[in-house]
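The next block holds one structure in the form of structure tokens; read it before the comments.
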2 protein chains.
Amino acid sequence: MPVVIDQMSEEPIYRQIGSQVIEDIATGELSVGDPLPSVRSLARDLGVNLHTVNKAYAVLRDEGYVIMRGRSGAFVANTGGASSRRFSAEQNQLMARELLRLAVAYRARGGLESGFVEEAARQARIAFLAGEPSGKGDGTNER
Amino acid sequence: MPVVIDQMSEEPIYRQIGSQVIEDIATGELSVGDPLPSVRSLARDLGVNLHTVNKAYAVLRDEGYVIMRGRSGAFVANTGGASSRRFSAEQNQLMARELLRLAVAYRARGGLESGFVEEAARQARIAFLAGEPSGKGDGTNER
DNA sequence: GTGTATTTGTTCGTATGTATT
DNA sequence: TAATACATACGAACAAATACA
């Protein structure tokens with residue numbers, strides 16, 4: 001996957017990298033599931049900092065072109081850039097697993113099924129009550 | 001014990017394995033005392049490294065779902081988390097935070113409050129469906 | 001029983017992406 | 001931009017348990 005960087009260009013380097021990766025996907029040079037070079041190796045080849053490549057990859061990920069895994073690196077995603085459709089099905093399945101895990105642990109502590117459901121309903125009320133999820137994720141503002 | 005791994009998922013592989021083992025325990029497919037596949041065999045079946053499976057088992061052990069006897073393998077412990085049988089307010093507060101986090105994320109994906117509560121109730125039903133540990137002769141012979 | 005081979009979990013080291021400073 | 005620490009995943013080598021002739 002040859003990538004050429006023009007240091008004199010006005011376009012940011014991370015954008016140049018990203019554009020060329022998208023180009024390769026479009027032309028078919030990169031297929032779905034293909035691995036991208038690691039941020040370190042590509043950064044070395046291009047003579048830029050690894051954060052520059054990482055930035056490029058992160059943007060591509062946010063745009064839905066690639067997916068990134070811990071050690072395996074970055075891979076071409078199966079969406080041609082359709083960042084909008086962000087697999088809610090997978091997210092829901094993941095959430096279901098988490099809920100089951102919590103429920104099993106709750107039961108193991110001696111809790112009852114009704115107690116778990118009630119607690120879930122209570123937290124749901126809090127989550128959907130807040131007009132703006134300002135502090136996304138964190139739940140220290142319970143009461 | 002069929003385990004399915006999604007290499008493209010954002011959830012770490014070791015977590016995917018662990019969640020599905022918990023699921024099998026909750027549904028009764030895995031009973032107390034049942035041996036889990038060896039880390040190597042399962043790793044080979046899944047096409048991942050043995051350390052990934054080992055990590056999954058280690059987490060399950062720390063959470064109390066399984067016990068590991070050196071090189072004899074891993075076995076299902078007496079009902080998830082039974083090691084900490086006491087009703088812990090601290091644990092429940094942690095659970096509440098998790099629930100709130102899941103609910104907020106669910107809402108962010110466009111879900112409704114009723115949908116979240118229903119899903120929680122469904123998972124709770126599964127979790128409490130498994131056979132109650134009828135005071136069996138334990139079996140946690142440490143060492 | 002004994003020696004060998006296989007299987008198993010463990011230890012050490014490495015590579016990678018991410019977050020923090 | 002650089003440096004660091006951390007979490008995830010993999011590979012090679014090791015030591016204990018097991019199986020077998």
Side-chain angles (χ1 to χ4, degrees), chain A residues 1 3 5 7-9 11-18 21 30 33-77 90 94 97-98 101 135-138, chain B residues 1 3-21 33-63 65-77 98 101 140-143:
Chain A
M1 191 189 69
V3 178
I5 297 300
Q7 291 282 359
M8 298 305 162
S9 172
E11 190 180 18
I13 295 178
Y14 76 91
R15 256 307 171 194
Q16 295 184 41
I17 298 173
V21 170
L30 282 176
D34 282 354
L36 268 60
S38 73
V39 292
R40 283 179 169 83
S41 63
L42 184 55
R44 183 159 25 84
D45 292 346
L46 299 180
V48 300
N49 192 274
L50 85 167
H51 290 94
T52 307
V53 179
N54 191 43
K55 169 84 169 181
Y57 282 10
V59 172
L60 291 174
R61 179 200 52 196
D62 292 342
E63 293 176 350
Y65 290 105
V66 305
I67 61 103
M68 308 186 75
R69 279 200 65 69
R71 185 249 186 266
S72 304
F75 297 86
V76 178
E90 180 192 346
L94 214 159
R97 281 188 194 164
E98 290 289 311
R101 182 176 63 81
K136 188 262 177 192
D138 192 350
Chain B
M1 191 187 67
V3 178
V4 181
I5 295 301
D6 180 10
Q7 289 282 355
M8 294 303 183
S9 172
E10 301 283 346
E11 189 182 19
I13 296 176
Y14 77 90
R15 248 311 173 194
Q16 295 184 44
I17 298 173
S19 298
Q20 294 185 49
V21 170
D34 282 355
L36 268 59
S38 72
V39 292
R40 273 187 169 80
S41 63
L42 184 54
R44 183 159 27 83
D45 292 345
L46 299 180
V48 301
N49 192 273
L50 80 166
H51 289 101
T52 307
V53 179
N54 194 42
K55 169 84 170 180
Y57 283 9
V59 172
L60 291 174
R61 178 202 53 195
D62 293 343
E63 293 176 349
Y65 293 106
V66 305
I67 60 172
M68 303 182 73
R69 299 179 185 170
R71 278 140 180 101
S72 301
F75 300 86
V76 178
E98 290 285 311
R101 178 179 62 82
T140 56
N141 37 350
E142 68 281 87
R143 151 58 275 139

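No hydrogens, no waters, no symmetry mates; every other heavy atom, side chains included, goes into these values. Below, chains carry the letters A, B, ... as their sequence lines are ordered, and counting in each starts from 1.
- Under the rule for a salt bridge (Lys or Arg N to Asp or Glu O under 4.0 Å), B/Arg71 has no partner lying at least two apart in sequence or in another chain.
- The phosphate of C/dG9 has neither OP1 nor OP2 within less than 4.0 Å of any side-chain N or O from B/Asn54.
- For the helix from C/dT2-D/dA21 to C/dT21-D/dA2, the rotation axes defined at the first and last 5 base pairs enclose an angle of 10°, given to the nearest 10°.
- Dashed line: the shortest gap from a side-chain N or O of A/Ser38 to OP1 or OP2 of C/dT16 is under 4.0 Å.
- Here B/Leu50 lies in heavy-atom contact (under 4.0 Å) with a base.
- When rounded to the nearest whole Å, the span between CD1 of B/Ile13 and P of C/dG17 equals 15 Å.
- Side-chain contact between A/Tyr57 and A/Pro37 is present, with heavy atoms from C-beta onward closer than 4.5 Å.
- In this entry the distance linking NZ of A/Lys55 with P of C/dG17 reads 17 Å, nearest Å.
- A side chain to side chain contact (heavy atoms under 4.5 Å, CB included) with A/Leu46 is found for exactly one of A/Ile17, A/Thr52, A/Ile13, namely A/Ile17.
- Side-chain nitrogen and oxygen atoms of A/Thr52 include at least one within less than 4.0 Å of the OP1 or OP2 phosphate oxygen of D/dT1.
- If you take CZ of B/Arg44 and C1' of C/dT8, they are 12 Å apart, rounded to a whole angstrom.
- Atom P of nucleotide D/dA9 and atom CG of B/Leu46 are separated by 12 Å, given to the nearest angstrom.
- Remark on DNA chain D: of its neighbouring residues A/Val48 and A/Arg40, the 5'-side contact belongs to A/Val48, judged by nearest-heavy-atom nucleotide.
- Side-chain nitrogen and oxygen atoms of A/Tyr57 include none within less than 4.0 Å of the OP1 or OP2 phosphate oxygen of C/dG17.
- In this structure, A/Phe75 places its CZ atom 13 Å from C1' of D/dT8, rounding to the nearest Å.
- The nearest whole Å value for the distance from the OH atom in B/Tyr14 to the P atom in D/dC10 is 13 Å.
- Contact check for A/Val21 versus A/Tyr65: no side-chain heavy atoms found under the 4.5 Å cut-off.
- With rounding to whole Å, A/Asn49 atom CG is found 13 Å from D/dT4 atom P.
- Between the NE2 atom of B/His51 and the C1' atom of D/dC14 there is a distance of 11 Å, given to the nearest Å.
- Applying the side chain to side chain contact (heavy atoms under 4.5 Å, CB included) criterion to A/Asp45, with sequence neighbours excluded, gives no partner residue.
- Note that CD of B/Glu11 and CD1 of B/Ile5 are 8.5 Å apart. Values are rounded to the nearest 0.5 Å.
- Nearest heavy atoms, A/Ala56 versus A/Gly18: CB-N, 4.2 Å.
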